[in-house]
Amino acid sequence: MNLIEKFRSSHLISKLFVVMTVSIVAVCLLTSLITIRMAERLFAETFSITNGKVLNQINTGMESFNDSVVNAVTFASQSGSVKTYLTGGDTDSVAMSKVYYRMAEQMEQIASNLGAYDVAVTIIGVNGRSYSTDSNYWPVSSQELADDPLTRYTAAEPRRVLYQYDERDGKAGKERFIVASKALVDRTGGLSYGMLYIAIRETEFRRFFANFTSSGNDVLVLDPAGLLEGDGIWQRSDHSGE
């Protein structure tokens, strides 16, 4: 009788042990799943908030640059000296020197609107004249620009400031630029009398987002034409003809 009672007692204890073990394991698993889920949500929310702030800072920097470009374009469009230089015909050396001097002063003022950035400002006119604040910075001639896709696209959109990719052979090899361009249009007749280009090196452009990139945290800049920049490398060029 004692053996039977011991057996029954032992069987009951075994059942209780199994039930308690299963219950403890289930509670531990459920607690772990809840903890992991909460951690995932916290990470996602924190990551989203951080990325949102980063994107806002990048956007603010680019908007500030764009505002400076627009101010420079507006100043150039309203400058009578620049227009005279780009539309005038041949004249004597004294008169031409005065025209050039006034125009150069205006170009320096235009460049001052972009003083916070390392850029080169270039203009070319319908009369074939050109001027650059730093021809070594952006090594391109007026003859090259005349037949360049940069100019064709700008002429096709005379009311817009366009941002385009450009690549040139420099002293240190290939140099990449982002070029803001705008057609200079006569306000009365509506005819274009020149082009304005503001070139910024890709390395300078990268400063808008380079501080926010790291291993596993990349920034991509994509324009409507499909140009992609990530960590300073443009994947496709307007010069490819695509």
Side-chain angles (χ1 to χ4, degrees), residues 62-115 117 119-135 137-168 177-200 205 223-227 237-242:
M62 289 187 174
E63 284 183 346
S64 178
F65 175 67
N66 181 67
D67 289 342
S68 297
V69 169
V70 171
N71 289 336
V73 168
T74 301
F75 190 93
S77 299
Q78 296 174 348
S79 173
S81 298
V82 170
K83 182 179 179 180
T84 299
Y85 179 77
L86 298 179
T87 59
D90 294 333
T91 183
D92 60 85
S93 58
V94 175
M96 189 62 221
S97 297
K98 291 180 180 179
V99 170
Y100 184 87
Y101 177 77
R102 295 193 194 100
M103 182 278 308
E105 281 190 326
Q106 294 291 293
M107 287 294 291
E108 291 301 322
Q109 292 186 39
I110 293 170
S112 68
N113 288 310
L114 297 152
Y117 310 97
V119 300
V121 183
T122 302
I123 55 173
I124 59 173
V126 292
N127 58 5
R129 292 175 184 165
S130 63
Y131 180 87
S132 176
T133 57
D134 189 348
S135 57
Y137 183 93
W138 188 40
V140 57
S141 66
S142 58
Q143 290 79 14
E144 290 174 319
L145 281 175
D147 299 322
D148 198 278
L150 292 173
T151 302
R152 293 201 301 269
Y153 296 152
T154 304
E157 299 283 350
R159 297 185 180 276
R160 296 177 56 197
V161 175
L162 300 184
Y163 289 87
Q164 304 179 69
Y165 168 85
D166 187 50
E167 190 175 273
R168 299 288 165 182
F177 300 87
I178 293 85
V179 181
S181 57
K182 175 68 169 64
L184 299 177
V185 180
D186 183 78
R187 287 175 290 178
T188 56
L191 298 176
S192 174
Y193 59 86
M195 297 285 174
L196 173 70
Y197 309 87
I198 299 173
I200 180 172
F205 182 80
D223 81 347
L227 292 177
S237 164
D238 271 338
H239 289 263
S240 64
E242 299 179 28

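Basis for what follows: all heavy atoms, side chains included, without hydrogens, waters or symmetry-related copies. In this chain, numbering begins with 1 at the start of the sequence shown. Everything numeric in this text was worked out from a predicted model, so none of it was measured.
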Which distance, rounded to the nearest 0.5 Å, do you find between the CD1 of Ile200 and the CD1 of Ile178?
7.0 Å
Short question: side chain of Asn71, backbone of Asp67 - any donor-acceptor pair under 3.5 Å?
yes
Do we see a donor-acceptor contact under 3.5 Å between the side chains of Tyr153 and Glu157?
no
Just how far is it from atom OG of Ser81 to atom NZ of Lys98, taken to the nearest 0.5 Å?
13.0 Å
Test side chain to side chain contact (heavy atoms under 4.5 Å, CB included) applied to Arg102 and Thr84, step by step
CA-CA 10 Å; Arg102 295 193 194 100; Thr84 299; over 6 Å; no
Closest non-hydrogen contact found for Ala180 with Val69 is CB-CG1, 3.8 Å
Any side-chain to backbone donor/acceptor pair from Thr151 onto Asp147? Under 3.5 Å, distance only.
no
Gln106 and Ser79: side-chain donor and acceptor closer than 3.5 Å?
yes
Aromatic ring centroids of Phe205 and Phe65 under 6.0 Å?
no
Going through the checks in order, is the side chain to side chain contact (heavy atoms under 4.5 Å, CB included) test met by Tyr163 and Asn66?
CA-CA 10 Å; Tyr163 289 87; Asn66 181 67; 2.7 Å; yes
Between OG of Ser192 and CG of Leu184, what distance do you get to the nearest 0.5 Å?
6.5 Å
Supply the atom-to-atom distance Ile110 CD1 to Phe75 CZ, rounded to the nearest 0.5 angstrom.
6.0 Å
Okay, side chain of Lys182, backbone of Arg160: is any donor-acceptor separation there less than 3.5 Å?
no
For Tyr197, which of Asp166, Val140, Val121, Leu145 qualifies under side-chain contact (heavy atoms from CB on, under 4.5 Å)?
Leu145
Shortest non-hydrogen contact from Ala72 to Asn113?
CA-ND2, 3.9 Å
Report the distance from atom CG of Leu191 to atom OG1 of Thr87, rounding to the nearest 0.5 Å.
11.5 Å
State whether Tyr85 and Arg129 meet the cation-pi test: NZ (Lys) or CZ (Arg) under 6.0 Å from the six-membered ring centroid, and within 45° of the perpendicular axis.
yes
So which heavy atom on Asp148 is nearest to which on Arg168, and how close?
OD2-NH2, 2.8 Å
Heavy-atom side-chain proximity of Phe177 to Pro139 below 4.5 angstrom
yes
Could you walk me through whether Ser68 and Tyr117 pass the side chain to side chain contact (heavy atoms under 4.5 Å, CB included) test, one step at a time?
CA-CA 9 Å; Ser68 297; Tyr117 310 97; 3.7 Å; yes
What heavy-atom pair brings Tyr137 and Ala199 nearest, and what distance separates the two atoms?
CE2-O, 3.3 Å
Side chain to side chain contact (heavy atoms under 4.5 Å, CB included) for Ser181 and Gln164? Distances and angles first, verdict last.
CA-CA 8 Å; Ser181 57; Gln164 304 179 69; 3.2 Å; yes
Of all heavy-atom pairs linking Ser142 and Gly128, the shortest is OG-O, 4.4 Å
Is a side-chain N or O of Asn127 found less than 3.5 angstrom from the main chain of Leu86, in a donor-acceptor match?
yes
Looking only at heavy atoms, the pair that brings Ser77 and Tyr193 closest together is O-OH, 3.6 Å
